[in-house]
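Below is one structure, written out as C-alpha cells, with a few remarks after it.
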Amino acid sequence: MMDLITQLAWGPGGWGDELAAGTLLTVSLALATLPFGLAIGLLIAVAKTSGEKSLQTAANIYTTIFRGLPELLTLLIVYYGGQIILQRIVALFTDAYVEVNGFVAGMVALGLVFSAFSSEVFASAFKGIPVGQPEAAQALGMTRWQAFRLVTLPQLIRLSIGGLSNLWLILLKETSLVSVIALNDLLRNTNVAVGSTKQPLFFYSVALLIYLVLSLVSAKGLGAVEAHVKRGEQRTA
Amino acid sequence: MSDTTVQIVEARNPPPEAIRKWTLPRIVGTALCGVWIVLGVGLAWSLYSAFDPDVFFKYIPKMAEGLIITIKLVVSSIVLGGLLAIPMAFARMSKSEFVRACAFGYVYFFRGTPILGQMFLMYYGAGQFVDQLQSLGLWWFFKDAYNCVLLTFVLNTTAYQAEIYKTAIESIPRGQREAAESMGLKKGVTFWKVIFPQAMITALRPLGNEIILMVKASAVASLVTVFDLMGATKLAFSRTFDFNVYIWAAIIYFTMVEGLRRTWDWLEKRLTRHLVR
C-alpha cells in the first residue's frame with residue numbers, strides 16, 4: 001500500500017503532478033465552456049419564448065439536434081469534421097497543414113450540448129416570470145433593455161439556478177470524454193499513469209475520487225450561490 | 001313573441017387580415033431557419049455526393065450489428081438497474097442511519113463521477129485481478145468487455161433510478177399511507193396497491209430522461225473494445241477515413257433518441273389521462 005502512495009509523489013518519480021495538471025485542465029475546460037454555454041443558451045431561450053414562429057422553430061431545431069446526439073459522437077464530429085472543414089478552408093489559400101486544437105474542439109462540443117440543455121432551463125424560467133412584470137416596468141418608463149436587466153434577469157437567475165447547477169455537475173463529468181481526443185485531462189493522464197505502472201484499480205480510484213471532490217466542492221459552492229440569490233424568498237413567520 | 005319583426009342585417013365583410021410586418025425578430029428567425037435548411041441540404045448533398053457503395057455495404061451491416069448491441073446493452077441495464085433501484089431507494093429512506101449512509105454513499109459516488117471513469121475502473125481494474133477472479137470462478141464474466149460495461153451501466157443506472165424512485169415515493173402525501181393503514185390494509189398491500197402506482201406516474205418523466213441518457217452514455221462502451229453502434233462507426237472510420245460514417249451514426253442515434261422521447265411523451269399522456277382536468 002505504501003509503495004502505491006509513493007506513486008502519487010510529485011516530480012518525475014511519481015504521478016501526483018500529472019494528475020494535478022490533468023485536474024487543472026478538466027476544471028479549466030469546464031470553466032471555459034460555461035460562459036459560452038450560458039450565453040448561447042440564454043439567446044436560444046429568448047428565441048424560444050419570443051412570439052415569432054420562425055425564431056422558435058430555428059431555436060427548437062438547435063435544441064433537438066444537440067440534445068439527441070451522444071456527447072461522445074458530437075465531440076468526434078466536431079473534432080474530425082472541424083479538421084476537414086478547416087483544412088478545406090486553409091487549402092484555398094496555402095497548402096499548410098492545420099490541426100484542430102483539442103481544447104477548442106472540446107469546448108465547442110461541450111458548449112453546444114450545454115447550451116442546448118441550458119436553453120431549456122432558461123426557457124422554463126422565462127415562463128415563470130409573469131408577462132405583466134416587464135410590461136409594468138416599461139409602463140414606468142424603463143427601456144426594454146432596462147426592464148430586462150433590472151426586472152426579468154434577477155428573477156431569471158433565481159428561477160434557473162437549480163437547473164443550471166445540475167448542468168454544471170453534468171458538464172464537469174462530461175469533460176472526461178475529451179480524453180479520447182488526446183487532450184491531457186484528468187482521465188487521460190490517469191490512463192497514461194495506468195499504462196506505465198499497471199495499477200489500474202489504484203489510479204482509477206484516485207481519479208474518480210478527484211472527480212467526486214470536484215462535484216462535492218461545486219455542489220457546496222452552488223448551494224451557497226443558490227441560497228444567496230434566493231435570500232429574498234425567505235418568509236418571516 | 002308573436003309580433004317579432006324580422007330585422008335584416010346586412011352581411012359585413014370579415015375584418016381584413018392583419019399584415020405581418022417584417023420585424024427584426026421575424027427577419028432573424030427566417031434567416032436562421034434558412035441557415036438550417038442550407039445546412040440540411042448541404043449535409044444531404046455531401047452524403048449523396050460522397051456516397052461510397054463499397055463502404056456502405058461493407059460497414060452498414062456492421063453498424064446494424066452494433067445497433068443491436070447498443071439496444072441490448074441499454075435495455076438490460078435499464079431493466080436490471082430498475083430492479084436493483086427499488087431496494088436501493090428503500091435503503092435511502094431506511095430508518096437505520098447506517099443503511100441510509102451506505103446507500104447515500106453509493107448513490108453519491110455513481111452520480112458524482114463520470115461513467116467513463118467508472119467503466120475504466122471496472123474493466124482495467126478487473127484485469128489486474130485475473131488470478132483472484134479465476135480462483136473465485138468469476139473470470140469468465142469479467143473476461144468479456146461487454147459484461148464489464150454492462151455491470152458498470154447497471155450499477156450506474158441503479159444509483160440514478162434509486163434517486164428517481166425515492167423522490168417519487170416521497171412525493172406521495174403521508175395521508176395516503178395513513179388512510180390505507182386506518183382501513184386495515186397491510187404494509188405490503190399499501191405499498192404495491194396505493195403508493196407504488198401513484199409514485200410510478202411521478203417517476204415516469206425522469207425515468208424517460210434516464211433511458212435517453214443511457215442510450216447516449218452507452219456510446220462510451222466503444223472505448224473498451226465493445227463493438228456497439230459507436231464502436232462499429234469508429235472501426236469504419238479508422239479503416240476508410242470516410243467521415244460520412246459519423247453522420248450515419250448521428251442520424252441513427254438521433255432517430256433513436258427522438259423516437260424514444262416522442263414515444264415517452266405519448267405514453268405519459270396516455271397513462272395520465274385520468275389526471276387531466
Side-chain angles (χ1 to χ4, degrees), chain A residues 26 46-47 50-59 61-62 64-65 67-77 80-81 83-85 113 169-170 172-177 179-180 186-187 190-191 194-195 198-205 207-216 218-219, chain B residues 20 23-36 39-40 70 108-109 111-129 212-213 215-220 222-223 229-230 233-234 237 241 243 246-247 249-251 253-261:
Chain A
T26 292
V46 171
S50 75
E52 177 55 44
K53 272 268 152 47
S54 57
L55 211 52
Q56 284 175 6
T57 311
I61 293 174
Y62 182 92
T64 312
I65 291 179
R67 236 182 14 187
L69 293 179
E71 292 77 13
L72 180 61
L73 187 60
T74 310
L75 180 67
L76 292 180
I77 287 180
Y80 294 122
Q83 179 78 59
I84 291 170
I85 292 170
V113 177
L169 294 175
I170 294 172
L172 207 54
K173 290 186 283 169
E174 271 171 2
T175 53
S176 63
L177 293 175
S179 57
V180 305
L186 173 56
L187 198 60
T190 311
N191 287 341
V194 167
K198 305 279 177 277
Q199 291 290 348
L201 184 73
F202 175 70
F203 276 105
Y204 285 124
S205 302
L208 289 187
L209 230 76
I210 295 176
Y211 277 113
L212 205 57
V213 170
L214 291 179
S215 303
L216 230 125
S218 27
Chain B
R20 288 187 65 212
T23 52
L24 182 68
R26 192 173 170 207
I27 296 169
V28 175
T30 311
L32 288 176
C33 283
V35 170
W36 279 123
L39 280 178
T70 294
Y108 209 96
F109 173 77
R111 294 187 359 140
T113 56
I115 193 168
L116 184 56
Q118 294 163 13
M119 197 179 69
F120 283 160
L121 178 65
M122 180 73 75
Y123 180 65
Y124 295 111
Q128 197 180 343
F129 298 97
I212 287 173
L213 281 181
V215 171
K216 296 200 293 172
S218 73
V220 299
S222 63
L223 299 174
L229 176 54
M230 191 71 204
T233 311
K234 283 173 67 178
F237 182 68
F241 290 108
F243 186 71
Y246 277 125
I247 308 292
I251 293 170
Y253 271 114
F254 180 79
T255 314
M256 226 177 346
V257 169
E258 203 48 26
L260 206 53
R261 201 171 64 85

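Letters A, B, ... mirror the listed sequences (proteins, then strands); counts begin at 1. Please read all numbers here as calculations on a predicted model, not as lab measurements.
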Taking side chain as C-beta onward, heavy atoms only, is B/Leu223 less than 4.5 Å from A/Ser179? no
Where is the tightest heavy-atom contact between A/Ala219 and B/Tyr108, given as atom of each residue plus distance? CB-OH, 4.1 Å
Can you say whether A/Leu216 sits under 4.5 Å from chain B via the side chain, the backbone, both, or neither, judging by heavy atoms? both
Taking side chain as everything from C-beta outward and backbone as N, CA, C, O, which of these in A/Leu214 sits under 4.5 Å from a heavy atom of chain B? Side chain, backbone, both or neither. neither
Measuring heavy-atom distances to chain A, does B/Thr255 have an atom under 4.5 Å in its side chain, in its backbone, in both, or in neither? neither
Part of A/Leu172 within contact of chain B (heavy atom distance under 4.5 Å): neither
A/Tyr80 and B/Phe237 aromatic ring geometry - parallel, tilted or perpendicular at 30°/60° bounds: tilted
Of the listed A/Val213, A/Thr74, A/Ile77, A/Leu186, the one with the largest count of heavy-atom pairs under 4.5 Å with chain B is A/Ile77
If you compare all heavy atoms of B/Cys33 against all heavy atoms of A/Thr57, which two are closest, and at what distance to 0.1 Å? SG-CB, 4.1 Å
What part of A/Phe203 is in contact with chain B, defined as an atom under 4.5 angstrom from a non-hydrogen atom: side chain, backbone, both or neither? neither
Could you walk me through whether A/Ser176 and B/Val220 pass the side-chain contact (heavy atoms from CB on, under 4.5 Å) test, one step at a time? CA-CA 11 Å; A/Ser176 63; B/Val220 299; over 6 Å; no
Rounded to the nearest 0.5 Å, how far does CG of A/Leu55 lie from CD1 of B/Ile27? 11.5 Å
Show the nearest heavy-atom pair for residues B/Thr113 and A/Leu208, with the distance to one decimal. CG2-O, 3.2 Å
Value rounded to 0.5 Å, distance of CD in A/Glu71 from CG in B/Leu213: 7.5 Å
Select one option (side chain, backbone, both, neither) describing which atoms of A/Thr64 are under 4.5 Å from chain B's heavy atoms. both
Please report the closest heavy-atom contact between A/Ala58 and B/Gly29, naming both atoms and the distance. CB-O, 4.4 Å
Quick check for you: among B/Gly125, B/Ala217, B/Gly127, B/Gly34, which has the greatest number of heavy-atom pairs under 4.5 Å with chain A? B/Gly125
What distance do A/Arg67 atom CZ and B/Glu258 atom CD have between them, rounded to the nearest 0.5 Å? 7.0 Å
Any donor-acceptor pair under 3.5 Å from B/Gln128 side chain to A/Leu201 backbone: yes
Working to the nearest 0.5 angstrom, can you tell me the gap between B/Tyr124 OH and A/Gln199 CD? 15.5 Å
Test your reading of the model: is there a side-chain donor-acceptor pair from A/Lys173 to the backbone of B/Arg111, 3.5 Å cut-off? yes
Might you point out which heavy atoms bring B/Tyr253 and A/Leu73 nearest each other, and give the distance in Å? CD1-CD2, 3.8 Å
Go through the atoms of B/Phe109 and report whether side chain, backbone, both or neither lie under 4.5 Å from a heavy atom of chain A. both
So which of A/Ala47, A/Pro70, A/Ser215 has the biggest tally of heavy-atom pairs under 4.5 Å with chain B? A/Pro70
Please tell me if the side chains of A/Leu187 and B/Pro114 come closer than 4.5 Å, counting only heavy atoms from C-beta onward. no
Between A/Leu76 and B/Met230, what is the shortest heavy-atom contact and its length? CD1-CE, 3.2 Å
Does the side chain of A/Ser205 come within less than 4.5 Å of B/Leu121's, by heavy atoms? yes
Using the six-membered ring wherever Trp is involved, compare the ring planes of A/Tyr204 and B/Phe120 and label them parallel, tilted or perpendicular (cut-offs 30° and 60°). tilted
